[in-house]
**Q** 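Below is a structure I'd like to ask you about.
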Amino acid sequence: NNTVQDVIVRWRRMCADEALWLPGTDHAGIATQNVIEKQLAAEGTTRFALGRDAFVARTTAFVTETGGTILDQLRAIGASCDWSRTAYTLSPELSKAVREAFVLLHERGLVYRGHRVIHWCSRCLTSLSDEEAEHSEETGSLYHVRYPLTDESGSITIATTRPETMLADVAVAVHRDDERYRDLIGKTLTLPIANIEIPIIADAEGVDPAFGTGAVKITPAHDANDFEMGMRHKLPMPVILSPEGTMANGADAGSRVPPELLGVDRFEARERVVQMLKHLNALVKIEPHTHAVRHCYRCDTVVEPRLSDQWFVKMKPLAEPALSAVRNREIRILPERWEAVYINWLEGIRDWNISRQLWWGHRIPVWYCDACGEVTVSRDDVAGCPRCGGETRQDEDVLDTWFSSWLWPFSTLGWPNKDSADLKAFYPTDDLVTAPEILFFWVARMIMGGFAFMGEAPFHTVMLTGTVRDMKHVKMSKSLGNGIDPIDVIALFGTDALRYTVIAGLGMGADVMLDPNDLEKSFAPGRNFVTKLWNIGRFLLTNVGEETVRPLDAIDPSKLRRADTWILERLNIAITECNAALGPARPVNGVWNENELNSGLRLSEYTESARRFVWNELADWYLESTKARIASAGEDRDIARAVLAHCFDSALRLLQPIVPFITDTLWRRLPVAGNRHSEFIARASWPRRHETIASNGEFELVREAVNAVRQLRADYAVPPGDRIHARLDTSASADAATDAAVFDEEREFLGRIARCDIQVNGEGSGESGATILLSSGAKLIVPLGGIVDIDKECGKAKIELEKLATQLAALEGRLANPGFTDRAPANVVAAERQKGVEWSARREQLTQKVVSLCGS
RNA sequence: GGUCGCGUAGCUCAGCUGGUUAGAGCGCUGCUUUCACACAGCAGAGGUCCGGGGUUCGAGUCCCUGCGCGACCACCA
């Protein structure tokens, strides 16, 4: 994730954007508090024994000590952050923003105190937001329990997954139109065990006649749905669970929980209640039942719906602009499919429970006066009651960690000071890169926060990365022990190898599979590439020498050789491909247009284009072709040096965002005017196409010849030391003079890398041999004496000819079909025609080859 | 239950709005230790693009369907 961000920011920096990557950390409320609580437990004490102030002091010390680890790791992977702006959600500056946000929302009527059923973690002893209570499918039981009518005229059977909560039942609801129960509505039932009389009520929304028995027990204090029904029907709401999750007679419970169950854990109580129902002959049956159970996202404890007082943020008004921003393309989400998920969530958004019964976090800026009941919401600490002057006490709760995180895009830039220079310079930002898991927790809320507090979207692009997984596709995690510590990889192969591997393997939104048990194999792509790049650099720098090369513009284009224009054209193509893969940085008019919407940030494609240029084109071909020129003296040597230096300089710049360290080291040594020792490559400019230089394609003829000779050598196992003597026959060439000139110019190159000496239009030796037909029509005749198996060569040619003939027939059929020529786009038809011409020519060549080899 | 996604070479994946003879990395086979690089070079093998229908002049790409996976959401007690 951080490497992705660094690649993007380095790229933009080279494109002359004033690119800021602001690093920082959050205080991770529940997670951090849990760590300290575990430490305390190991020491045999608790936070309550320690007291709030001491606990906070201890946690602060822990964070101070360990909080820098992540920042050190960021430095180790080369993250080019502006460290001077490092932010932390609990810092005084950001805490000020938090209070401001809370008070502003309160002033707008969007923060309120609510009494309702929320998700409660009985281990963390705090409430959780809907997002923090994660679902997971579990096989449990559905218990059918008979509740007798008080008048003993019959009974109703209800179905429940949590029988222990029956002690808090206040009614049984049936659907208003359910024939089975119509006559019972208004009668009362006797709640078993508790022996309390409860009414049978009719409801339409809350009851599904098709589920279970069609009769639902109503437990308003321990079920969100039942709470709603309880509100509708004005029912009492007895609480029978303690915060710790044990059975207890809480508010309004009277003595519903019998003495033998008091203090019993909820799961143990479930078993006991079931046994008691059995003895009372009230248990009808137990069915296996799979359903989703919510768990605490930090400690995995099953959360309990529980009635309590909490602070909430009214979300509907905040969601509106966040929805339209994505709908009208002010913000794009990549990959696009996540937009639907985002929209779906925002459309059904519910109010956000922001209070946590924790000690680690921003304490809620609300003060209560016990004397007069005044509630004060304030930006500043309140010393005395503003109404009666009495003593005040601050709310005990802290805010959800995400309540500070959702302000990040502007709180880190100086907000609430709207005149802050940083805010003016950098808001709105461009990109947010993160994991899909926190799309709701963080991304959606930041967008809502951006509109609520800044009046505009906080960024233009949300890029959701994939997840790093092991070879079994299991997400890497500390607890499973299947993770890879990037620091280990850096120690083994270097930062650049780590970065390259990850970026090259990262398709848009795709997961990356790495084998924690075989780092060597997992990181081979990066290690190999970085080593290759180093070797290219070593060789190239040695050959180019120390003397500063001429700038490309200072070279007379007519002096450039075919290899020069070829590689410069390949460079142009590489630059174009990299630009296309990286895409536009931001929408031109604030709104993404159709073409831009889904383009860009394809980092693996960008990496592949840059890799192909420097490895397969510059190193494999051009570098080889210049060896003799470099060894010679005179102007051609300088031209080759200049082109080499220019191409490598551009290649290093293209690669800098991915492999910043090795490119910097090499780049500083390149004898290009202005580069040397003067500054970072990170501050160099992004390469641009060189429009004035065009290749005539003639170097391709050389590549064809080399490839053909190499294949011949491999096919016939010509000993590596043996030279091949070939003859170029240009009699059938389209441009005989040019062909002759090309091979004359590249004689040395061909001789060296293909170990093949070519005589242009010389006397034939009379030997039979292989004939290689080049695309220009020229023939390369290779007499191979006794080495070549003519029949085999002829057979190969025949097979190729047959294959081509089949494909050509299909193509000709297509071209002869009016359905195609009339309906397909003109450029497609033209391309197919052109292809037909080329294939026909190829067929002609192959035919000649077969005739010349086989004699028929 | 709702929504979305995936199934392409032995493995991990590209293939964007249907239009060259379907690509890359790793792995595999053969040859080469040639003075930048064996973490390399050269050559090569390997794919009925999950199955079945359909639309189209043309489908890996669009539609339907079957099978096999996965993700997210959800107040079925």
Side-chain angles (χ1 to χ4, degrees), chain A residues 117 130 135 142 158-162 165 173 206-208 210-213 215-219 223-229 289 291-292 305 335 337-338 340-341 344-345 348 436-437 439-440 471 473 493 497 501 504-514 520-522 524-543 594-595 598-599 602 604-605 608 611-612 619-620 623 707 710-715 717 719-721 752-755 803-804 806-808 810-811 813-814 817-825 827-829 831-832 834-835 838-839:
Chain A
V117 169
D130 294 343
H135 287 279
L142 190 59
I158 55 90
T160 180
T161 54
R162 295 185 299 152
T165 64
V207 186
D208 174 8
F211 186 86
T213 62
V216 192
K217 68 196 250 325
I218 303 301
T219 321
D223 184 280
N225 188 40
D226 293 3
F227 174 76
E228 295 298 326
M229 254 195 279
H289 180 65
H291 59 143
R337 64 188 138 90
W338 288 103
V341 178
N344 184 49
W345 183 74
E437 296 132 74
L439 181 60
F440 307 141
M471 300 317 279
H473 295 201
F493 311 118
T501 302
L506 194 80
M508 178 61 77
D511 292 344
V512 179
M513 311 298 165
L514 295 169
E520 180 106 6
K521 187 182 169 189
S522 292
R527 185 199 54 175
N528 294 357
F529 176 75
V530 168
T531 307
K532 181 70 180 184
L533 187 62
W534 180 251
N535 282 313
I536 293 168
R538 229 162 32 121
F539 175 76
L540 188 140
L541 290 168
T542 309
N543 282 277
E594 193 66 43
N595 295 333
N598 195 23
S599 68
R602 292 167 188 271
S604 57
E605 289 178 25
E608 173 55 21
R611 184 204 68 83
R612 195 202 56 228
D620 288 352
L623 208 60
N707 286 331
R710 279 174 171 169
Q711 197 173 324
L712 221 58
R713 299 189 72 108
D715 284 357
R752 178 158 43 81
I753 73 166
R755 258 153 295 159
K803 194 175 156 195
L804 184 70
T806 310
Q807 286 157 352
L808 193 55
L811 181 66
R814 225 177 304 161
N817 184 349
F820 172 68
T821 47
D822 295 350
R823 297 192 206 184
N827 60 327
V828 171
V829 175
E832 295 285 276
Q834 177 58 29
K835 194 166 72 185
E838 284 166 15
W839 288 9

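Below, read A as the first sequence line, B as the second, and so on, with proteins coming before strands; counting in each chain starts at 1.
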**Q** Could you list the residues that satisfy salt bridge (Lys or Arg N to Asp or Glu O under 4.0 Å) with A/Arg755, not counting sequence neighbours?
**A** none
**Q** For B/G68 and B/C31, measure between their C1' atoms and round to the nearest Å.
**A** 42 Å
**Q** Are A/Arg538 and A/Asn535 linked by a side-chain donor-acceptor pair shorter than 3.5 Å?
**A** yes
**Q** As an exercise, state the distance from NZ of A/Lys217 to CG of A/Asp226, rounded to the nearest 0.5 Å.
**A**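 Between A/Lys217 NZ and A/Asp226 CG, I get 6.5 Å after rounding to 0.5 Å.
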**Q** Considering every strand and a 4.0 Å limit on heavy-atom distances, what is the contact class for A/Ala224: base, sugar-phosphate, or nothing?
**A**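 It contacts nothing in the nucleic acid.
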**Q** Give A/Thr161 one of three labels, base, sugar-phosphate or nothing, depending on what nucleic acid heavy atoms sit under 4.0 Å from its own.
**A** sugar-phosphate
**Q** Under 4.0 Å, counting only non-hydrogen atoms across every strand here, what does A/Arg713 touch: a base, just sugar-phosphate, or nothing?
**A** nothing
**Q** Counting the atoms with a prime plus P, OP1 and OP2 as sugar-phosphate, which does A/His289 contact under 4.0 Å by heavy atoms, base, sugar-phosphate, or nothing?
**A**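 Counting heavy atoms under 4.0 Å across all strands, the contact made by A/His289 is with sugar-phosphate only.
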**Q** Of the candidate nucleotides B/U34, B/G25, B/C57, which contains the atom at the shortest distance from the side chain of A/Pro525?
**A**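 Side chain of A/Pro525 sits closest to B/G25.
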**Q** Take atom CZ of A/Phe820 and atom P of B/U56, then tell me their distance rounded to the nearest Å.
**A** 17 Å
**Q** Taking only the side-chain heavy atoms of A/Glu605 (C-beta and beyond), determine which of B/G19, B/A14, B/A24 contains the nearest atom.
**A** B/A14
**Q** Going from CD1 on A/Ile536 to CZ on A/Phe529, what distance comes out if it is rounded to the nearest 0.5 angstrom?
**A** 7.0 Å
**Q** Taking only N/O atoms, report every protein-nucleotides 36-47 of chain B pair under 3.5 Å with atom names and distance.
**A**
residue	atom	partner	partner atom	Å
B/A36	O2'	A/Asn535	OD1	3.3
B/A36	O2'	A/Arg538	NH2	2.8
B/A36	N6	A/Glu624	OE2	3.2
B/A36	N3	A/Asn535	O	3.1
B/C37	O4'	A/Asn535	OD1	3.3
B/C37	O4'	A/Asn535	ND2	3.3
B/C37	O2'	A/Asn535	ND2	3.0
B/C37	O2	A/Lys532	NZ	2.7
B/C37	N3	A/Lys532	NZ	3.1
B/C39	O4'	A/Arg527	NH2	3.3
B/C39	O4'	A/Asn528	OD1	3.3
B/C39	O2	A/Arg527	O	3.4
B/C39	O2	A/Arg527	NE	3.4
B/C39	O2	A/Thr531	OG1	2.5
B/A40	O3'	A/Lys532	NZ	3.3
B/G41	OP1	A/Lys532	NZ	3.3
B/G41	OP1	A/Trp615	NE1	2.4

**Q** Compare the minimum distances between each of B/C57, B/A74, B/A77 and the side chain of A/Asn817, then state the nucleotide with the smallest one.
**A**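 My answer, after comparing the listed nucleotides, is B/C57.
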**Q** Taking the side chain of A/Trp338 as heavy atoms from C-beta outward, which of B/A71, B/C75, B/A77 is closest to it?
**A** B/A71
**Q** Within the 4.0 Å heavy-atom criterion, would you say A/Ala173 contacts the bases, only the backbone, or no part of the nucleic acid?
**A**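 Since no nucleic acid heavy atom lies under 4.0 Å of A/Ala173, the category is nothing.
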**Q** Paired with B/U3: which nucleotide, if any, by Watson-Crick or G-U wobble criteria at under 3.5 Å for both distances?
**A** B/A71
**Q** B/C75 P sits how many Å from A/Asp223 CG, rounded?
**A**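 My rounded result for the distance is 10 Å.
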